[in-house]
Amino acid sequence: MISGYFPGEAPPHPYVDVAVRIGELSIEWVLVPFVVDTGAAKTSIHALDAIRRLGMSPADLDPSKWASSIQGTGVGGAVRYRTAAAEYGFHHDDGRWELVDGEVQIGELASHNQGIPSLLGWDLLQHFRLVTHGRDRTIVLERL
Amino acid sequence: MTSPELVMPQPGLDEAQELRRFWESQHDRLIGEYPEQFVAVRVGEVIASNSDLAMLVYALRDMGLDPRTDVWIEFITAKAGSLLL
C-alpha cells in the first residue's frame with residue numbers, strides 16, 4: 001500500500017511522492033511530488049521540479065537544445081517535452097520500495113507553465129488500484 | 001533494473017514531509033509578501049524571489065547557491081485551487 005496525501009490547498013489535489021531515476025541524464029534517485037492525474041496520458045515532470053529536484057538548469061529545459069521533442073497539451077497549455085527512460089520507486093507504508101520501469105516526459109521551461117506541478121499519469125497509474133476517500137482526505141495506491 | 005534496497009532518494013521521505021509542513025505553515029504569510037512568485041528559502045528565511053523561475057535560478061547562482069541542494073524553492077500562489085486537471 002502506497003499512501004499519498006492532500007496538501008493544504010483548497011480544493012485539494014492528491015499527491016504522491018515517487019522516487020525517480022533517469023540514467024541517460026545521469027540523474028540518480030530523487031523524490032518528486034506528483035499530482036495523481038488519471039486524465040494525463042503520460043507522467044511528466046515540469047520545470048519547477050526539474051530544477052529544484054532533478055537539478056536541471058533553465059538551459060537544460062530549452063527545447064531548441066534537445067535532439068528530439070514532442071508537443072503535449074495540458075493544464076499548462078501547449079508544452080514541448082523531451083522523453084527519457086526512467087525508473088520509478090513507489091514507497092510502501094511497510095518500508096518496501098516498489099520499482100516500475102517506464103518513461104518520463106520532461107517539460108520545457110516556458111513563461112506559461114512555470115508553476116505547473118508534475119503529473120503522475122496513466123502510463124504508471126495503470127499498474128495500480130487507486131482508492132480515494134474525500135472526507136478523510138486520503139489516497140492510496142495498491143499494486144495490481 | 002535497480003534493487004529496491006538501493007533506492008535512497010534525495011530529498012528523503014522525512015525531509016520531503018518537513019518541506020511540505022514548512023510551506024503549508026508559511027503559505028499565509030508568504031502569499032501576502034510574494035504573491036505569484038517563486039521564492040527561495042535558506043535556513044527558514046526568504047533570500048530571493050522572482051516571478052520568473054529562470055531569473056530566480058540565475059540570481060541564486062550569482063549568490064553561489066545550488067538551486068537543488070542549497071535552498072528550498074516553491075511557487076507561492078493563490079490560484080492553486082483553480083488548477084483544473
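Just so it is clear: chains get the letters A, B, ... in the order the sequence lines come, proteins before strands, and each one is counted from 1.
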Problem - Thr69(B) portion near chain A, given a 4.5 angstrom heavy-atom threshold - result: neither
Handout entry: Polar contact flag, side-chain donor to acceptor under 3.5 angstrom, Thr138(A)-Asp136(A)
Key = no
Problem - Donor + acceptor pair across side chains of Glu103(A), Thr83(A) (<3.5 Å) - result: no
Exercise for the section: Could you tell me which portion of Arg21(B) (side chain, backbone, both or neither) has an atom closer than 4.5 angstrom to a non-hydrogen atom of chain A? Expected result: neither
Completion exercise
Okay, Val57(B) and chain A: the region with an atom under 4.5 Å from a heavy atom over there is side chain
Problem - Pairs of heavy atoms under 4.5 Å with chain A: top-ranked of Gln10(B), Glu74(B), Arg20(B) - result: Arg20(B)
Handout entry: Asp101(A) and Tyr88(A) side chains, donor-acceptor separation under 3.5 Å
Key = no
Handout entry: Thr38(A) versus chain B, the contacting section by heavy-atom distance below 4.5 Å
Key = neither
Practice task
Below 4.5 Å from any heavy atom of chain A, which atoms of Leu13(B) appear? Answer side chain, backbone, both or neither.
Solution key: both
Practice task
Check whether Leu109(A) gets within reach of chain B through its side chain, its backbone, both or neither, counting any heavy atom under 4.5 Å.
Solution key: side chain
Exercise for the section: Could you tell me the separation between the CD1 atom of Ile22(A) and the CD atom of Glu28(A), rounded to the nearest 0.5 Å? Expected result: 10.5 Å
Practice task
Give me the ring orientation class for Tyr15(A) and Tyr5(A): parallel if the planes are under 30° apart, tilted from 30 to 60°, perpendicular past 60°.
Solution key: parallel
Exercise for the section: Kindly indicate, with the supporting measurements, whether the criterion salt bridge (Lys or Arg N to Asp or Glu O under 4.0 Å) is fulfilled by Arg68(B) and Asp66(B). Expected result: CA-CA 5 Å; Arg68(B) 186 177 75 87; Asp66(B) 184 326; 5.2 Å; no
Exercise for the section: Could you tell me which portion of Leu54(A) (side chain, backbone, both or neither) has an atom closer than 4.5 angstrom to a non-hydrogen atom of chain B? Expected result: backbone
Handout entry: Donor-acceptor side-chain pairing of Arg80(A) and Ser69(A) below 3.5 angstrom
Key = yes
Practice task
Mind ranking Trp23(B), Phe38(B), Phe75(B) by heavy-atom pairs under 4.5 Å with chain A and telling me who comes out on top?
Solution key: Phe38(B)
